[in-house]
> 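This is the structure I want to talk about, given as structure tokens.
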Amino acid sequence: MIEYLSIRQTAEKWGLSKRRVQVLCTEDRIPGAIRIDSTWAIPFNVEKPADARIKSGKYRKCLKDISKDKT
């Protein structure tokens with residue numbers, strides 16, 4: 001039987017905010033997470049997803065806009 005954690009428990013385990021874990025669930029970035037009514041159940045043994053944010057400080061949309069302005 002699979003054990004599940006709540007959003008709060010998962011946030012504490014991973015060192016994230018509850019809201020960030022909710023967003024990861026909504027974006028289907030946590031494998032096996034299921035929605036039960038208005039709450040999420042997250043498998044106990046699932047790994048924390050990699051941070052997909054851009055770390056260079058440059059944003060893709062801004063880069064596209066800049067390249068269009070130069071032409």
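Just so it is clear, the model here is predicted, and its values are computed rather than measured. Residue numbers start at 1 and run along the sequence shown.
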> More than 12 foreign heavy atoms under 6.0 Å from NZ of K18: is that the case here?
no
> Just how far is it from atom OG1 of T10 to atom CZ of R20, taken to the nearest 0.5 Å?
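Those atoms lie 14.0 Å apart.
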> Would you name the heavy atoms of C25 and A33 that are closest together and state the gap between them?
SG-CB, 4.2 Å
> Should L24 and V46 be regarded as members of a common hydrophobic cluster, given that ILVMFWY residues are connected when their side-chain heavy atoms come within less than 4.5 Å of each other, either directly or indirectly?
yes
> Does anything in residues 32-49 pair up under side chain to side chain donor-acceptor pair (under 3.5 Å), and if so which pairs, sequence neighbours excluded?
none
> Under 4.5 Å between side-chain heavy atoms, chaining through other members, with only Ile, Leu, Val, Met, Phe, Trp and Tyr counted: pull out the rest of the cluster around I36, sorted by chain and number.
I2, Y4, I34
> Can I30 be reached from I7 by stepping across I, L, V, M, F, W or Y side chains whose heavy atoms are under 4.5 Å apart?
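Yes; I30 is reachable from I7 via cluster members.
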